[in-house]
Amino acid sequence: MKALVLSGGSGTRLRPFSYSMPKQLIPIANKPVLEHVLTAIRDLGVTDVGIVVGNQLRAISGALGDGSDLGVRITYIPQDEPLGLAHCVAIARDFLGDDDFVMYLGDNMLPDGVADVAAEFRARRPAAQVVVHKVPDPQAFGVAEVAVDGSVLRLVEKPARPRSDLALVGVYFFTPAIHEAVAAIAPSARGELEITDAIQWLVARGETVRASEYSGYWKDTGQVEDVLDCNRELLRTLNRSVAADVDEASEITGPVVVESGARVVRSRIEGPAIIGAGTLVEDSHVGPHTSVGSDCVLRDTRLDDSIVLDGASLVRVRGLYGSVIGRSAAIATVPAPETAPETAEPTAVNASTDTATSRHRLVVGDHTRIEVAA
C-alpha cells in the first residue's frame with residue numbers, strides 16, 4: 001500500500017501565517033502538521049508516500065526532505081492549481097501505479113489514528129473505504145449515507161438538507177478501481193474534480209464502498225482556533241522530560257517538556273507545556289497548553305494557552321492567552337511615547353483585549369515587530 005498526502009491548498013483561513021509558510025507546516029506541539037500526518041501514515045505500515053504540493057514545494061520539501069528522518073520515502077508531486085481532490089489522484093497516477101493507497105488530507109489531525117480502519121480495508125478490500133465522523137453541522141462537509149452493514153449508499157458534498165450526520169474526515173482508502181472513476185467524472189459546479197463524485201460513481205456502478213466511523217479527536221487545522229484546540233489536545237499526552245538548564249529559583253510543575261539547550265531562569269512553567277531547544281525563559285510564567293518553539297526569548301512575560309513559533313521574542317508581555325506568535329516575531333512593552341506617531345507601519349496582526357481580566361490575545365505573522373506602550 002502507498003499513501004497520497006494532499007498539501008496543495010493556499011490556507012486563506014490561516015492568514016497571516018499562510019502568507020509566509022504553508023498551512024501544513026504550522027506547528028502543533030512543536031511539530032509541523034505534516035509531520036504528525038506522516039507519522040500516522042507510517043504507523044499504518046505505509047512508507048511510500050506521495051505528497052501533492054502547490055506553489056510551496058520548496059518550503060515543504062525543505063522541512064521534510066526525503067522523509068528518511070520520519071521513516072518514510074517521499075515523492076513530491078507538483079500541482080499547478082488546486083482543481084479538486086480527485087484531480088490530485090489523477091496527477092499522482094504514475095506514482096500510485098496499480099497499488100492500493102490511503103489518501104490523507106495534509107491539514108487533518110487524527111491523533112488516535114486509523115489503524116483499525118486500515119486493517120479492515122486490507123481484510124475486506126472494498127473498492128473504496130471512507131472514514132466518517134459524526135458532526136453537528138454536516139452542511140459544511142461531504143456527507144455519507146451509510147447502511148446498517150457499513151456500506152455507503154450515497155455521498156453528497158455539502159448538502160443543503162443533509163440526510164446524515166456522518167462527515168468525511170479526509171482519510172480515504174482506495175484500490176486501483178478509483179482511477180477509472182476519476183477518469184469518468186466531470187468537474188463540479190465549482191470547477192473541481194470532487195472525490196465524492198468519484199466515490200459515488202463507484203457506488204452507482206455497484207462496487208463495494210464502505211464507511212468506518214472514527215470516534216476519536218479530529219480537527220481540520222484550517223483556522224487559528226482549530227490550531228490552538230489541536231495544540232491543547234496533543235499537549236495532554238505529554239510525558240515530563242526536562243533536558244535543559246533550569247535554575248534553583250525556577251519551578252516546573254506537571255507534564256512539561258524542556259528540550260536540550262533551553263534555559264529556564266527565575267521562571268515558572270505549568271504543564272502541559274513544551275519549551276523548544278535553545279529557548280530562554282527568564283523571569284516569566286508559562287501557563288498550561290502552551291508550546292514555545294526553538295531559539296525563542298521570553299523575558300518578563302506571562303502567557304498561557306498559546307503557540308510561539310521558532311525565533312520569536314516576547315519581552316515584558318504579560319497576560320497573553322489564546323495567541324499564536326509567528327516565526328522571528330518580536331513583541332515588547334516599551335515606555336509610552338510623549339506624543340503618538342503620526343503614522344504607523346501596518347503589521348500582519350490581529351489583536352483583542354479581555355478588559356475584564358487584563359488579558360490580551362494576539363495573532364501575529366512571521367517577522368512582525370510590535371511595540372506596546374506601557
Side-chain angles (χ1 to χ4, degrees), residues 1-7 23-47 49 51 67 70-72 85 100-124 126 128-138 140-144 146 150 152 164-174 195 210-223 225-241 254-255 257 271-274 288-291 305 307:
M1 184 184 290
K2 292 179 178 176
L4 186 65
V5 177
L6 311 188
S7 299
K23 63 177 181 176
Q24 297 87 2
L25 295 184
I26 294 288
I28 307 290
N30 279 12
K31 291 182 181 180
V33 172
L34 265 179
E35 187 171 329
H36 291 288
V37 168
L38 292 176
T39 299
I41 289 170
R42 184 198 62 205
D43 290 347
L44 300 179
V46 178
T47 57
V49 182
I51 300 182
L70 298 172
V72 298
L85 305 190
D100 295 349
F101 66 98
V102 54
M103 187 169 80
Y104 210 119
L105 300 192
D107 53 4
N108 270 225
M109 293 288 292
L110 294 85
D112 294 331
V114 290
D116 54 341
V117 183
E120 182 183 347
F121 172 76
R122 285 171 168 137
R124 292 175 174 263
Q129 187 149 343
V130 299
V131 182
V132 296
H133 185 83
K134 287 187 177 181
V135 296
D137 54 344
F141 302 92
V143 173
V146 182
V152 173
S164 165
D165 61 357
L166 295 175
L168 303 176
V169 303
V171 179
Y172 311 80
F173 292 85
F174 294 119
I195 198 66
R210 296 189 58 80
S212 296
E213 186 175 346
Y214 174 83
S215 57
Y217 180 89
W218 164 56
K219 188 67 68 174
D220 170 357
T221 56
Q223 300 186 66
E225 290 298 339
D226 300 326
V227 170
L228 287 166
D229 188 78
C230 198
N231 191 61
R232 296 180 204 111
E233 179 67 22
L234 265 65
L235 288 179
R236 291 191 185 104
T237 66
L238 280 184
N239 293 316
R240 184 184 173 100
S241 173
V257 172
I274 183 168
H289 306 117
T290 299
S291 297
D305 194 24
I307 298 174

Point to revise | Backbone of Ile274 reached by a side-chain donor or acceptor of Ser291 within 3.5 Å | key: no
**Study point:** Any side-chain heavy-atom pair of Val146 and Ser164 under 4.5 Å
**Key:** no
Point to revise | Worked check of side chain to side chain contact (heavy atoms under 4.5 Å, CB included) between Leu110 and Tyr104 | key: CA-CA 10 Å; Leu110 294 85; Tyr104 210 119; 3.6 Å; yes
Review point. Step by step, would you call Asn231 with His289 a side chain to side chain contact (heavy atoms under 4.5 Å, CB included)?
Key: CA-CA 7 Å; Asn231 191 61; His289 306 117; 5.5 Å; no
Check your understanding: Pick one: which of Ile195, Val130, Val5, Val171 meets side-chain contact (heavy atoms from CB on, under 4.5 Å) with Met103?
Key -> Ile195
Review point. Minimum heavy-atom separation for Gly106 to Val37, with atom names?
Key: O-CG2, 4.0 Å
Exercise for review: Please check if the side chain of Tyr217 supplies one atom and the backbone of Cys230 the other of a donor-acceptor pair under 3.5 Å.
Suggested key: yes
Review point. Is any side-chain heavy atom of Leu44 less than 4.5 Å from a side-chain heavy atom of Met1?
Key: no
Practice item. Starting at CD1 of Ile28, measure out to CD of Glu233 and round the result to the nearest 0.5 Å. Key: 11.5 Å
Check your understanding: CG/Leu6 to CG/Leu105 distance, rounded to the nearest 0.5 angstrom?
Key -> 5.5 Å
Check your understanding: Knowing that exactly one of Leu25, Val33, Leu34 qualifies, which makes a side-chain contact (heavy atoms from CB on, under 4.5 Å) with Ser7?
Key -> Leu34
**Study point:** Beyond-backbone contact of Asp100 with Phe121, side-chain heavy atoms, under 4.5 angstrom
**Key:** yes
Review point. Could you give the distance from CG (Asp226) to NZ (Lys219), rounded to the nearest 0.5 Å?
Key: 5.0 Å
Exercise for review: First locate atom CZ of Arg210, then atom CZ of Arg124, and finally report the distance between them rounded to the nearest 0.5 Å.
Suggested key: 4.0 Å
Check your understanding: Is there a donor-acceptor pair under 3.5 Å between the side chain of Arg42 and the backbone N or O of Leu70?
Key -> yes
Practice item. Verify side chain to side chain contact (heavy atoms under 4.5 Å, CB included) between Phe174 and Leu4, making sure each step is shown before the conclusion. Key: CA-CA 10 Å; Phe174 294 119; Leu4 186 65; over 6 Å; no
Check your understanding: What heavy-atom pair brings Phe101 and Ala3 nearest, and what distance separates the two atoms?
Key -> CB-N, 4.5 Å
Check your understanding: If every non-hydrogen atom of Thr47 is compared with every non-hydrogen atom of Gly71, which pair is closest and at what distance?
Key -> CG2-O, 3.6 Å
Check your understanding: Can you name the nearest heavy-atom pair linking Glu120 to Ser212, along with the distance?
Key -> OE1-OG, 3.2 Å
**Study point:** Shortest non-hydrogen contact from Val169 toward Trp218
**Key:** O-NE1, 3.3 Å
Review point. Has the side chain of Thr290 got a donor or acceptor atom that lies under 3.5 Å from a matching backbone atom of Asp305?
Key: yes
Review point. Say you draw a straight line from CZ of Phe141 to NE2 of His133; how long is it, rounded to the nearest 0.5 Å?
Key: 9.0 Å
Review point. Does any N or O in the side chain of Thr221 come within less than 3.5 Å of the main-chain N or O of Val227, such that one atom is a donor and the other an acceptor?
Key: no
Review point. Just wondering, do Val114 and Tyr214 contact through their side chains at under 4.5 Å, heavy atoms?
Key: yes
Check your understanding: Should the heavy atoms of other residues, nucleotides or ligands under 6.0 Å from CG of Asp137 be counted, would the total exceed 12?
Key -> yes
Check your understanding: Just how far is it from atom CD1 of Ile307 to atom CD1 of Ile26, taken to the nearest 0.5 Å?
Key -> 8.0 Å
